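First comes the structure, then the notes that go with it.
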Amino acid sequence: MSATSPETFGTIRPARSALPLLRRLLALDAAVTATNAVAYLALSGLLGRLLGVDDGLLLGAGAFLLLYGAGVGLLASRPVPPAPWVRVVVEGNLLWALAGAAVLVLGVLEPSAAGWVWIPLQAAVVAALAVAQHLALRAVLRGPGRS
């Protein structure tokens with residue numbers, strides 16, 4: 001059998017490749033979250049003016065994100081992250097994305113033009129990360145030989 005034969009080309013071993021992918025997605029989530037947290041904490045005044053958002057809100061979000069990012073980072077460092085905690089991260093990310101959209105749709109915030117770009121953009125990135133994490137977790141739980 002050659003490396004390009006249909007049998008080899010079509011074989012997928014999800015558990016072997018999905019666990020490292022899941023851990024990388026969690027690590028990426030932790031890094032992006034921590035970066036946002038530090039920016040919101042260190043530059044709340046500047047970012048508040050740029051985005052048209054209260055700097056107190058950014059300070060609160062930054063503090064929350066710092067703790068959340070640390071928790072996700074701890075989860076990513078585990079050889080096999082516990083599925084229930086990965087689900088908490090996925091659901092937390094989806095809630096964050098929905099909240100970002102909701103504050104705009106409901107008029108809770110009145111951001112600047114930059115804010116109107118940043119808030120939906122970060123919500124879309126967080127939602128995409130949540131979907132990718134969910135799919136990787138499903139593949140890990142499915143394991144090899146299961147459909």
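We're numbering straight along the sequence, starting at 1. Source: prediction; values computed, not measured.
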Minimum heavy-atom separation for [X] and [Y], please, with both atom names.
| X | Y | answer |
| --- | --- | --- |
| V88 | Y68 | O-OH, 4.5 Å |
| P111 | L104 | CG-CD2, 3.6 Å |
| A63 | L41 | N-CD2, 3.7 Å |
| L22 | Q133 | CD1-O, 3.8 Å |
| A136 | A18 | O-CB, 3.9 Å |
| A37 | G62 | CB-O, 3.4 Å |

(request) Starting at CG of L137, measure out to CG of L141 and round the result to the nearest 0.5 Å. (result)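 Separation between the atoms: 4.5 Å.
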(message) Can you tell me how far apart OG (S44) and CG (L58) are? Round to the nearest 0.5 Å.
(response)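 Rounded to the nearest 0.5 Å, the OG-CG separation comes to 6.5 Å.
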(message) Between T33 and V72, is there a side-chain heavy-atom distance shorter than 4.5 Å?
(response)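 Not in contact.
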(message) Do Y40 and L59 make a side-chain contact, defined as non-hydrogen atoms from C-beta onward lying under 4.5 Å apart?
(response)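 A side-chain contact is absent here, since even the closest heavy-atom pair is not under 4.5 Å.
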(request) For the pair R23 (side chain) and V80 (backbone), establish whether a donor and an acceptor sit closer than 3.5 Å, ignoring hydrogens and angles. (result)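 Side chain of R23 to backbone of V80: no pair is present.
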(request) Determine yes or no for a side-chain-to-main-chain donor-acceptor pair under 3.5 angstrom, with R78 supplying the side chain and L74 the backbone. (result)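 Answer holds: no.
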Same apolar cluster: [X] and [Y], side chain cutoff 4.5 Å:
| X | Y | answer |
| --- | --- | --- |
| L50 | L43 | yes |
| L57 | W96 | yes |
| L65 | L51 | yes |
| L26 | L19 | yes |
| V32 | I119 | no |

(request) Carefully, step by step, assess N36 and Q122 under the rule side-chain hydrogen bond (donor to acceptor under 3.5 Å, both in side chains). (result) CA-CA 10 Å; N36 276 341; Q122 64 85 30; 5.5 Å; no
(message) So, applying side-chain contact (heavy atoms from CB on, under 4.5 Å) with D29, which one of V90, L75, V89, V126 is it?
(response)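 Option passing the side-chain contact (heavy atoms from CB on, under 4.5 Å) with D29: V89.
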